[in-house]
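Here's the structure, in structure tokens; my notes come after.
Below, each value reflects all heavy atoms present in this structure, side chains not excepted, and no hydrogens, waters or symmetry copies. Below, chains carry the letters A, B, ... as their sequence lines are ordered, and counting in each starts from 1.
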Amino acid sequence: MNKRFTRILATSIAAAALVGSLGACSKGSSSSSSDGPKEITMWTHAAGNPEELAATQAIVDSYNKSSGAKAQIKVQAFPQESYNDSVVGAASAGKLPCIVDIDGPNVPNWAWAKYLAPLKLSADLSKNLPSTVAKWQGETYAVGYGDVALSMFARKSDLAAAGVRVATIEKPWTKDEFQDALTKLKALGKWDYPLDMGTAGTGEWLPYAYSPFLQSFGGDLINREDYQSADGALNGDKAVEWAKWFRGLADQGFMATKSGKDSTQDFLNNKSGLLYTGSWAGDKARAALGDELVVMPSVDLGNGPKIGGASWQWGVTSGCNNMDAAMDYLSYSLKPENVASVIKATGGIPATNEAAALIPAFAEGGANRIFMEFSRHYAVLRPETPAYPFIATEYGKAVQDILAGADPKTALDKAVKAIDANIKSNGGYKN
Amino acid sequence: MTTTQIPPSPGRRVAAPAPAAPPSKPHRRPRYLREQLSGWAMIAPAAALLLLFVFLPAILGFGLAFTNARLVSPRPVEFVGADNFVRLFTDPTFWRALLNVSYFAVVVVPVQSGLALAMALLINKKFRGVNFFRTLYFLPVVTSMVVVSLLWLFMYRKDGLINEFLSAASFGLIDGPDWLNDPATSMPAIIILSIWQAAGFHMIIWLAGLQSISGELYEAAQLDGASRWHQFRYVTWPGLRHTRTLILVTITIQALGLFDQVSVMTQGGPLDSTTTIIFEAVRSGFKQQETSYASAISLVFFVLVLLISAVQRYLTREKD
């Protein structure tokens, strides 16, 4: 009797558990209920960056515990290299999570593909750094906690030894001064190459790092009036001039056509005198070099120094079944203290002054304040068009070919032809 | 290495169809039917998986090649005829990829199979520690190509192991090139790495072939006073006939599908000197989101492999 009773009990518990979990499932996937599901998912590319992931997770935890939480947020982290593929794969399978992070320049592409919904946040974005708010066709689709800025690092003693002036925001190096500085630095004979531009980089680094030089020369990735053609912008005289200048840096022995894997480390190990890199390397370099480190703006090649704008940002997907909670979480996460904690972890530039005030390095007079100034003065957004991912690959290939010795005009013409064909075959990327 | 201990197989008899039984008694038919059924049942799982994961995607891919499908797009898919193929055949990068793959195959097929055969002959002996060498030669094969490529990436650098070695061995006379970053040396560098990585695999196949040759033939040859070279020429080489065909076809197909090394080490550069057909397909399909164009490249690749394999099968057919 006793045995039988146990069996009945076990069976009924199992059945109850099953029904319960099925119930939870159906609740989770129903979209008709007024307040939506109680748990929504958020994807981030930060799996390879424990500090950033921990900071994000901490915001999520505090939101989940807060009394006003409209849903429980669940974080899923991916490695950066496979993140975009995962989103695209999930989108074609109709399985996107509610909240995603997006590399800034990809926002128009995803908005055009209808992956993203326009943001309706209670937070005020008007005081954000412009490059942290991603807009397309008049609507805001994503917002970031911060940005990053490209800059030039050097050692004070090297510049002094070579007799080269320290560039400042008021007076950046001109093209001729840069040439002169490299010549003098090379003459010191301390390094194989005085300059490291991170030429071993691949993927998004290529357009992010080198299209600002092109823009400083007066060229661009695409004609920005209507975003329908790259002809004249990417293969005009200015662009060819840029390509020749860039290749010339290698020809004159100023930089390697393929640098080491880790440019920052090479610089710290005294393998290069000048390092062209992003603000993310600032803390590490300062920790190693202290007051020896000078952070300088990028070079003015004719139209003022330029740097790329927009970093990783957050958006809400159009298929989200609890839009309200997703928007609520994003608004919550944009509080200055939250932004500050993530920015501290990523080494970025905080999106707002309130957040900056909470980070000593970015407060007035702080060591990293200068990156904020760079971003404010020089940032150029990568073309806000759904064609950007395609433009980026073609431009990246052109850069690599030019470095490897291809004829600049031919390489750029080829990229223009491919970009124009792509835009045309997508109906001008108009909906 | 238990795989190498294959006993001499009794020829091809296993694969021959069961001799048709004389239909003398009527009760034999159901049994024949039952055998048929169990045969199909055994094929079924593999056939279903093949259909689902190989044939179906392949057919879909062929279809996509004639449309303007995109990886990311809100626009409906339209039929565009041969547009993708016209674009493909006017793209110099595609022709360069074709040239690179041919270059790779033409070098890798003879050198790798030759090296694998030499290695197999070396270790097809009975001496102490032979398993150690078998393992040693086979080791690169079980290491992932991505890992191997990452390691060789460091070795090939301007100040990498290979150049340091060249410099030390020549007392500083040879200043090695920047292997992967020079259009003249990038493809040879990838070829050397590929041969090193995959030769062990084909060594195993050669070894299986070698061990299927009857020892009596060698004894007879020795009695006739045949030299080592003559034994190889008149016993070993003819005995490896089927193995040879198998290896020729598999190496060729593998060579045509060159991708991992390029993706990890050179991204097709410098100046398209290492780009391949598969690399172009992946680049178009995933990085550039042009699914249909990538499908067109894949379709051309498929036809190419089919043609080459057919030609090889024809040339190595049984001529009796």
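Within the 4.5 angstrom heavy-atom criterion, atoms from both the backbone and the side chain of B:Q288 approach chain A. Residue contact with chain B, scored on non-hydrogen atoms closer than 4.5 Å, is absent for A:S92. For chain B, the nearby parts of A:N109 are the backbone and the side chain; heavy atoms of each come within less than 4.5 Å. For A:N426, the parts lying near chain B are the backbone and the side chain together; criterion is any non-hydrogen pair under 4.5 Å.
Ring-plane geometry between A:W43 and A:F78 is classed as tilted, the angle between the planes lying from 30 to 60 degrees on a 0 to 90 degree scale. Below 30°, between 30° and 60°, or above 60°: for A:W112 and A:Y429 the angle between ring planes is above 60°, a perpendicular geometry.
For the side-chain contact (heavy atoms from CB on, under 4.5 Å) with A:L116, the qualifying choice from A:N106, A:I102, A:V316 is A:I102, the only one to do so.
Most heavy-atom pairs under 4.5 Å with chain B: of the set A:E394, A:K417, A:Q400, this distinction falls to A:E394. Ranked by non-hydrogen atom pairs under 4.5 Å with chain A, the options B:R283, B:K158, B:R157, B:R87 are led by B:R283.
A centroid separation of 6.0 Å or more is found between the aromatic rings of A:W136 and A:Y227.
With hydrogens and angles ignored, the 3.5 Å screen pairs a side-chain donor or acceptor of A:D420 with a backbone N or O of A:A230.
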